[in-house]
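By convention in this document, chain letters (A, B, ...) are assigned in the order of the sequence lines, proteins followed by strands, and residues within each chain are numbered from 1.
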Number of protein chains: 2
Amino acid sequence: MGFKFETVKANRISQNIVEQIRGAILAKELKIGDQLPSEKDFAKHFGVSKSSLREAYRVLEAYGLLEIRQGMSGGAFIKEVDLTTVKDSLVNYFFFQNPGIREYTQIRTFIEPQIVKICAEKITVEDIEYLENNILAMEQEPDGKHFISDLDIAFHKKLVDISKNKIISLIVESVQAALINIKRIVHTDEQFLKMVCDGHKKIVNALRESDPKKASEAMLDHINEVEKGMMASKKGSMIITEKGLLKQDRGSK
Amino acid sequence: MGFKFETVKANRISQNIVEQIRGAILAKELKIGDQLPSEKDFAKHFGVSKSSLREAYRVLEAYGLLEIRQGMSGGAFIKEVDLTTVKDSLVNYFFFQNPGIREYTQIRTFIEPQIVKICAEKITVEDIEYLENNILAMEQEPDGKHFISDLDIAFHKKLVDISKNKIISLIVESVQAALINIKRIVHTDEQFLKMVCDGHKKIVNALRESDPKKASEAMLDHINEVEKGMMASKKGSMIITEKGLLKQDRGSK
DNA sequence: AATATTAAAACATCTGATCTTTTAATATTT
DNA sequence: AAATATTAAAAGATCAGATGTTTTAATATT
């Protein structure tokens, strides 16, 4: 008949409450820091049991919209959704989509070269100093382990933060987090580490010279090199298990 | 002391259970479709009350990782996280970050011109036909209303889907959804509508000629034009309120 | 003035009962 | 035999109320 109806689920009390409160937040009737009534009072207000209301609070908390504190002057407070909440959500999503390394690389090649173009014009001496220290730390890191990825994330995060675009910051950070979290691959060999450092150095050099084109090309090369490295050394790399231990990755398929 | 400790929250039973189950999913010990024990059984297994376990299930459901069905052969089933869940999370996040139109435009100018470059090589006659029909529908739309944005989203979504990059699809869709959901701006004037259609036509023409450079430039122009249009007509545009009604936007600040 | 104690508010958890939904199994009808 | 209606059981949804734990403001003590 050309018209598609959507499936409807029976309304759960807690879901109904969740939607009302989220709606009030999006409609700006509730602001950050506002306190909701206590479980007992609000349950009575809605005419539902405490458990139903508690489930609603749990869900809103999971959305990152609520902070619940125990104790005397505790309660439920409207909270700004933080980056971690969204990143976790993206990680969950990517876990099932399971994109290939190519897909991660592609989005990075779209964004990050353009980011450093902007950086080349805006960057300050303090920023340069920060990036140089980051590279130094990475070089001095004795045998890699997972610190490399933290430093790597920090390097790219710094650049994207200079661009002052909150959306792009979120994307770049999440893509990198997802890549590391999902693949759980950390490259520990000297050669890979050196390649990353060299790439970062070239980028910083171009930025120091305020050369957008050179910086952009250096970033593009760097991303592609890292991809090549990840593809090639897949078998030889280490993966981090859920328990935090390191074990040899035998490569998939 | 140079070392930063992170704050720790007292462990809640439900949170502990959530982490265990999410961990098992990420560790691939639980797969899509797997059924978890019933509330009663699992609560007993963990040695906790049913309410605590229920709260854990609610949270996992909010994460999009669980589907809970009532009835005889119901129960809790591991579910693939769907796009809606992540988009909602992004919408929540952007609501507080409240990025400017410039930030939305910028990320689009980074990604979409490159997307159509790829499309120019991959696109099929069916795809072209789809896009042409989309433009026709938009032209025939009598007086805009919110259908325009649905068609606009569909147009850009189609292009990004051709690139077969799940990450980029998610980003482009979410950015557009967030822009419309948060700003709640719909342009109803004839002039704006015509400008969008013309932009889309130029893009499709370039794609039909398999001209990546021309397509990419047409997309870049289109995005920038739309931004200009949104900025300029901010006062004259309509906004959709929470209740779905349309009212005149008087412009902010 | 500093410190220790106490009390109350609010969340956290538990127990156990009852209601509702869904479906598999059974019974009935055609 | 096939279609339809009924029934029973499994599992979640909701409720009520009791008890435990955390946090902090108020009070008492040193």
Taking both distances under 3.5 Å as the test for a Watson-Crick or G-U pair, what stems of at least three pairs does DNA chain D have? C:1-30 with D:1-30
Contacts of B/G74 and A/R69 projected onto DNA chain D by closest heavy atom; the upstream (5') one is B/G74
Donor-acceptor contact present, side-chain A/E103 to main-chain B/K166, <3.5 Å: yes
Give me the residues of residues 39-60 of chain A where at least one heavy atom lies under 4.0 Å from an atom of DNA chain C, by number, or none. A/E39, A/K50, A/R54, A/R58
Between A/E67 and A/E61, does the side chain to side chain contact (heavy atoms under 4.5 Å, CB included) criterion hold? Intermediate values first, please. CA-CA 6 Å; A/E67 185 188 344; A/E61 194 184 34; over 6 Å; no
For the pair made of CZ in B/F77 and P in D/dA10, what is the distance, rounded to whole Å? 16 Å
Please report, rounded to the nearest Å, how far the P atom of D/dG12 is from the CD atom of B/E61. 12 Å
Between A/S52 and A/S14, which heavy-atom pair has the shortest distance, and what is it? O-CB, 3.6 Å
Taken to the nearest 0.5 Å, the spacing of B/I78 CD1 from B/L30 CG works out to 4.5 Å
Does the pair B/R102 and A/N165 meet the rule for a side chain to side chain donor-acceptor pair (under 3.5 Å), with working shown? CA-CA 9 Å; B/R102 188 77 264 280; A/N165 184 315; over 6 Å; no
Nearest-Å distance for atom pair CG/P, residues A/N11 and D/dA13: 13 Å
Distance-only polar pair, side chains of B/T124 and B/D127, donor-acceptor under 3.5 Å: yes
Round to a whole Å and report the spacing from CD1 of A/I68 to P of D/dT22. 17 Å
I want to verify a distance call: between C/dT22, D/dG20, D/dA11, whose nearest atom is closest to the A/Q70 side chain? D/dG20
Without decimals, in angstroms, what is the distance between B/L66 CG and D/dG12 P? 10 Å
Atom pair distance, as rounded to whole Å: CZ in A/R12 and P in D/dA11: 17 Å
Measuring from the side chain of A/S38 (C-beta onward, heavy atoms only), which nucleotide among C/dT13, D/dA13, C/dC11 has the closest atom? C/dC11
If only atom types and distance count, is the side chain of B/D34 paired as donor or acceptor with the main-chain N or O of B/F77 below 3.5 Å? no
In whole angstroms, the gap separating C1' of D/dA10 from CD of B/Q35 amounts to 11 Å
Write down the distance between CE (B/M72) and P (C/dA25), rounded to a whole number of angstrom. 7 Å
Between A/T105 (side chain only) and A/I101 (backbone N and O only), is there a donor and an acceptor less than 3.5 Å apart? yes
Side-chain (B/S174) to main-chain (B/L170) donor-acceptor, under 3.5 angstrom: yes
Nearest to the side chain of B/S73 - C/dA24, D/dT24, C/dT20? C/dA24
